[in-house]
Amino acid sequence: MREEYSKLNRVEMSIWECCELLNDVVDESDPDLDEPQIEHLLQTAEAIRRDYPNEDWLHLTGLIHDLGKVLLLPSFGGLPQWAVVGDTYPVGCAFDESIVHHKYFKESPDYNHPAYNTKYGVYSEACGLENVLMSWGHDDYMYLVAKENKTTLPSAALFIIRYHSFYALHSSEAYKHLMNEEDVENLKWLQVFNKYDLYSKSKVRIDVENVKPYYLSLIEKYFPSKLKW
C-alpha cells in the first residue's frame, strides 16, 4: 500500500480542495456523522484555536488530520472502510491486548510467528516510531502527502497526523518501549490534540465562509499552493 500510494500520482490539488472533497466521504467508525466532514474538521480546529490561540500549527493540524480519508473515494482507489479508518497499530511485534477487537488477531499468521509475536519482534528498545511499520490507514497516507510535499509544519504536527488513530499508544500507553525521546515529546501534543478529535464536536454549526480566510492563510504558511496526492 505504501509503495502504491507513495507515488503521489493521482491528482494535484490544494489542501482546501481536499477539505471540500472530504464532504463526499462517510466514515462509518466516526460517532458524529450528522454533519459534513469539513464541519468536523473545522470544529476540531476551532476548538483548538480557542484553547491554544498561539499554536497556529496545531489549528491547521486539526483541520487536515483526517484528509487521508479521501482513500475511500473511487478516484483514490475506493479502499474499504477497514483499510482506511479505525484504529492503527504496529505490525512486526506482538499485538497488544489494548487494541480494539484484539481477539481477532489470533486469525493472523503473525500471531504465532516467532519473529513477530514477542514484545519487541523485529524492533529494539527505543528504536523510534518512525522505524516501526504501522497498519495502513488514512493517518499514514496524509503523513506521506504532507512530508513528500515538503510541509513546514513542526514534527509534533506530523506525529499527530501519523498516529492519531494509534489508540493503543495514546489511550492505553502500550508500545512506549519503542519510542525515542522525540516521540515522547511529540506524544504530549498528541494527547492534547486527542481531546479535540472524537466526540469533541459541538452543536454550534461552523460558518465555513467566515473562518475560511484564516485557514487559507495557515495553509499558505505551511504548504505549497498545490500538492501531489
Side-chain angles (χ1 to χ4, degrees), residues 1-8 10 22 24-33 37 40 65-147 158-180 183-184 186-187 190-191 193-194 197-199 229:
M1 295 302 273
R2 282 177 183 80
E3 191 176 340
E4 172 62 28
Y5 282 96
S6 65
K7 295 172 188 169
L8 299 179
R10 294 184 179 267
L22 220 59
D24 296 330
V25 164
V26 174
D27 173 358
E28 293 167 5
S29 74
D30 193 324
D32 304 279
L33 291 172
Q37 283 279 339
H40 158 49
H65 74 284
D66 271 348
L67 293 189
K69 289 179 184 177
V70 293
L71 290 174
L72 294 166
L73 298 174
S75 57
F76 284 82
L79 298 184
Q81 291 268 337
W82 62 263
V84 177
V85 301
D87 295 18
T88 57
Y89 47 84
V91 295
C93 60
F95 300 114
D96 191 84
E97 290 185 5
S98 65
I99 302 170
V100 68
H101 301 314
H102 172 269
K103 64 185 179 186
Y104 296 109
F105 285 122
K106 289 181 177 142
E107 297 174 32
S108 165
D110 289 0
Y111 190 85
N112 294 308
H113 195 299
Y116 304 139
N117 66 1
T118 62
K119 178 180 178 180
Y120 289 99
V122 299
Y123 309 113
S124 57
E125 178 87 36
C127 62
L129 291 182
E130 74 271 18
N131 296 308
V132 172
L133 191 64
M134 298 292 291
S135 59
W136 175 253
H138 72 279
D139 304 50
D140 241 36
Y141 178 57
M142 188 57 208
Y143 165 77
L144 190 71
V145 169
K147 184 165 168 276
L158 291 170
F159 189 92
I160 289 168
I161 292 166
R162 194 175 197 183
Y163 300 114
H164 68 270
S165 302
F166 187 4
Y167 284 93
L169 173 69
H170 56 75
S171 296
S172 303
E173 303 204 332
Y175 299 104
K176 282 193 154 183
H177 53 282
L178 301 176
M179 294 168 63
N180 61 23
D183 294 331
V184 171
N186 287 338
L187 179 59
L190 176 52
Q191 284 166 330
F193 172 84
N194 195 46
D197 192 9
L198 285 184
Y199 305 102
W229 300 77

Exercise. Step by step, work out the side chain to side chain donor-acceptor pair (under 3.5 Å) result for S165 and D139.
Key: CA-CA 7 Å; S165 302; D139 304 50; 2.9 Å; yes
Quiz item: Does E97 CD have over 12 foreign heavy atoms under 6.0 Å away?
Solution: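 Not buried by this count: 12 neighbours or fewer within 6.0 Å.
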Quiz item: More than 12 foreign heavy atoms under 6.0 Å from CD of E173: is that the case here?
Solution: no
Exercise. Verify side-chain contact (heavy atoms from CB on, under 4.5 Å) between I99 and Y104, making sure each step is shown before the conclusion.
Key: CA-CA 10 Å; I99 302 170; Y104 296 109; over 6 Å; no
Practice problem: Please list, chain by chain and in numerical order, all residues satisfying side-chain contact (heavy atoms from CB on, under 4.5 Å) with K103, sequence neighbours excluded. | Solution: none
Would you give me the side-chain donor-acceptor pairs under 3.5 Å for residues 114-133, sequence neighbours excluded?
from, atom 1, to, atom 2, distance (Å)
N117, ND2, Y111, O, 3.3
T118, OG1, G121, N, 2.9
Y120, OH, E125, OE1, 2.3
Y123, OH, V91, O, 2.6
Y123, OH, L133, N, 3.0
N131, ND2, C127, O, 2.7

Practice problem: Assign the ring pair F166 / Y163 to parallel, tilted or perpendicular, where the plane angle (0 to 90°) is split at 30° and 60°. | Solution: tilted
Quiz item: How are the rings of W229 and Y141 set to each other: parallel, tilted or perpendicular (split at 30° and 60°)?
Solution: tilted
Looking at [Y], is its backbone amide N or carbonyl O close enough to the side chain of [X] to form a donor-acceptor pair, meaning the two atoms are under 3.5 Å apart?
X	Y	result
N180	D183	yes
S6	E3	yes
S135	Y89	yes

Quiz item: How about S108 and D110: does a side-chain donor come under 3.5 Å of a side-chain acceptor?
Solution: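 On atom types as modelled, these side chains do not qualify, holding no pair under 3.5 Å.
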Practice problem: Please report the C-alpha distance between H164 and D66 in whole Å, then the side-chain angles of each, then the deciding distance to 0.1 Å, and finally whether the side chain to side chain donor-acceptor pair (under 3.5 Å) criterion is met. | Solution: CA-CA 9 Å; H164 68 270; D66 271 348; 3.1 Å; yes
Quiz prompt | Straight-line distance of R2 CZ to D140 CG, nearest 0.5 Å | solution = 4.0 Å
Quiz item: When you look at H138 and I161, which way does the side-chain contact (heavy atoms from CB on, under 4.5 Å) test go after all the steps?
Solution: CA-CA 9 Å; H138 72 279; I161 292 166; over 6 Å; no
